[in-house]
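In what follows, a single structure is set out as structure tokens and then discussed.
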Amino acid sequence: MIEAIGLTKQYGDKKAVDGLTFTVRPGVVTGFLGPNGAGKSTTMRMILGLDAPSSGSVTVNGRPYAKAVAPMREVGALLDAKAIHGGRSAYNHLLCLAQSNHLPARRVDEVLELTGLREVAKKRSGGFSLGMGQRLGIAAALLGDPRVLMFDEPVNGLDPDGIRWIREFMRKLASEGRTVFVSSHLMSEMEHTADHLIVIGRGRLQADCTVKEFISRNSEQTVTVRTPDPMQLMQLLAGKGARVTNDASGLITVRGASPQQIGDLAFDNQIRVHELAPHQASLEEAFMEMTKDDVEYRAVSIGQGPGGPGGPGGPGGPGGPQNPYAAPGQMIGAR
Ligand SMILES: Nc1ncnc2c1ncn2[C@@H]1O[C@H](COP(=O)(O)OP(=O)(O)OP(=O)(O)O)[C@@H](O)[C@H]1O
């Protein structure tokens, strides 16, 4: 278990981490999400006692990690997989770590087996691919058989096989009852790996909830409908308070009405429906929605600024004309 209370780190006049309070629990993979520069690495370094907080505190299993008697048995961490002596074999690298931390040499063989590195154990780690280097970093983190594991951006630069391996491995570690805390700025990856999320932005806590809760809080379900008579159905739906857009192919996207309501409305008005599909937003879409008003996160897209389509004062935007006979791509109905 990792517990942060009011954790803060100030670098000059920059607050890299700003009053973070959260708990990372055992038995699940907790994703630590935030855009580049949000403060993830700084937080992880403070958890490991590599940086001192300016204020607040963080404990691992109830104690500051710097005070741990046997650190590698307490926490296994992968912060920078490239930070290894490339001239040594994987076996010797792990053996050195084991010996300097009073861990039994047999543990080296066990972690090589666990991470699938047994065949290449005697090869120089300097010649390892990025994926093998990550496996070696994870093997080192597992040497002390710790209950808490922390990985900083572990899938950066990996190919799909490497990503899948790490994802499944983390889930296995969590299923053994360990605390698994993994940072990433890749939303699509976290959606498939994490059960719980801690989301930060500009050093501050933005969300602490399950992946499912995060998506449902920050997005709205949409329903796509294909019909030979899109205009009639769009007007009927707008009359019921739904927000409706269509594209050039006639496919309608509806917000604010369920598939059942749409199907019933079409049936009652004898409108043929050829396709009716609910769509739940991805974690990435939910994150974009949550941060859409935060200028630090992204530049305004072309055409979405004031006066552009969908922008304030622009067609379909607040204060702009609401055309009930919308051209493809425009929106009709309440906002
Ligand atoms: N030693 C330092 N001195 C000054 N500023 C720092 C230092 N370390 C980090 N920062 C600043 O603190 C902020 C948070 O950085 P941090 O590396 O923790 O973010 P991050 O979320 O891990 O980002 P990334 O995904 O890019 O690694 C950034 O603005 C960064 O420039």
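Order of listing sets the numbers, starting from 1, for every ligand and every atom in it.
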Look at the side chain of Gln134 and the backbone N and O of Pro154, then say whether any donor-acceptor pair between them is shorter than 3.5 Å. yes
Which atoms of ligand 1 have any heavy atom of Asn36 under 4.0 Å away? 23 (O), 24 (P), 25 (O), 26 (O)
For atom 19 (O) of ligand 1, the protein heavy atom that lies nearest, with its residue and separation: Gly39 N, 3.1 Å
At what distance is the nearest protein heavy atom to atom 14 (C) of ligand 1, and which residue and atom is it? Gly37 O, 3.3 Å
Counting each atom of ligand 1 from 1 as listed, which ones have a heavy atom of Glu153 under 4.0 Å away? 25 (O)
Do any non-hydrogen protein atoms sit less than 4.0 Å from atom 2 (C) of ligand 1? yes
Counting each atom of ligand 1 from 1 as listed, which ones have a heavy atom of Thr42 under 4.0 Å away? 9 (C), 15 (O), 16 (P), 18 (O)
Nearest protein heavy atom to atom 7 (C) of ligand 1, by residue and atom, and its distance? Tyr11 CE1, 3.3 Å
Considering non-hydrogen atoms of the protein only, which is the closest contact for atom 12 (O) of ligand 1, and what is the distance? Ala16 CB, 3.2 Å
Which ligand 1 atoms, with their elements, are less than 4.0 angstrom from a heavy-atom of Ala38? 19 (O), 20 (P), 21 (O)
Looking at Asn92 and Arg88, would you say the former's side chain and the latter's main chain have a donor-acceptor pair under 3.5 Å? no
Examine the side chains of Asp229 and Thr227 and answer whether a donor and an acceptor come within less than 3.5 Å of each other. no
Answer with yes or no whether the side chains of Thr8 and Asp18 bring together a donor and an acceptor at under 3.5 Å. no
Worked check of side chain to side chain donor-acceptor pair (under 3.5 Å) between Glu74 and Asn61: CA-CA 8 Å; Glu74 201 90 39; Asn61 297 331; 3.2 Å; yes
Would Arg45 count as a contact residue for ligand 1, given that I'm defining contact as a non-hydrogen atom of the residue lying under 4.0 Å from a ligand atom? no
Tell me which protein heavy atom sits closest to atom 29 (O) of ligand 1, plus the residue, atom name and distance to 0.1 Å. Lys14 CE, 3.2 Å
Side-chain donor-acceptor contact under 3.5 Å, His185 with Glu153: yes
Among all the protein's heavy atoms, is there at least one whose distance to atom 31 (O) of ligand 1 comes out below 4.0 Å? no
More than 12 non-hydrogen atoms from neighbouring residues, nucleotides or ligands closer than 6.0 Å to NE2 on His274, yes or no? yes
Kindly say whether Lys40 contributes a backbone atom to a donor-acceptor pair with the side chain of Arg45 at under 3.5 angstrom? no
For Phe151 and Phe181, I'd like to know if the aromatic rings sit close, meaning centre-to-centre distance below 6.0 Å. no
So the atoms of ligand 1 within less than 4.0 Å of a heavy atom of Pro35 turn out to be 21 (O)
Of the listed options His185, Lys15, Lys40, closest to atom 25 (O) of ligand 1 (non-hydrogen atoms): Lys40
Closer than 3.5 angstrom, by distance alone: can the side chain of Asn101 be matched with the main-chain N or O of Leu103 as a donor-acceptor pair? no
Return the residue, atom name and 0.1 Å-rounded distance of the protein heavy atom closest to atom 17 (O) of ligand 1. Ser41 CB, 3.8 Å
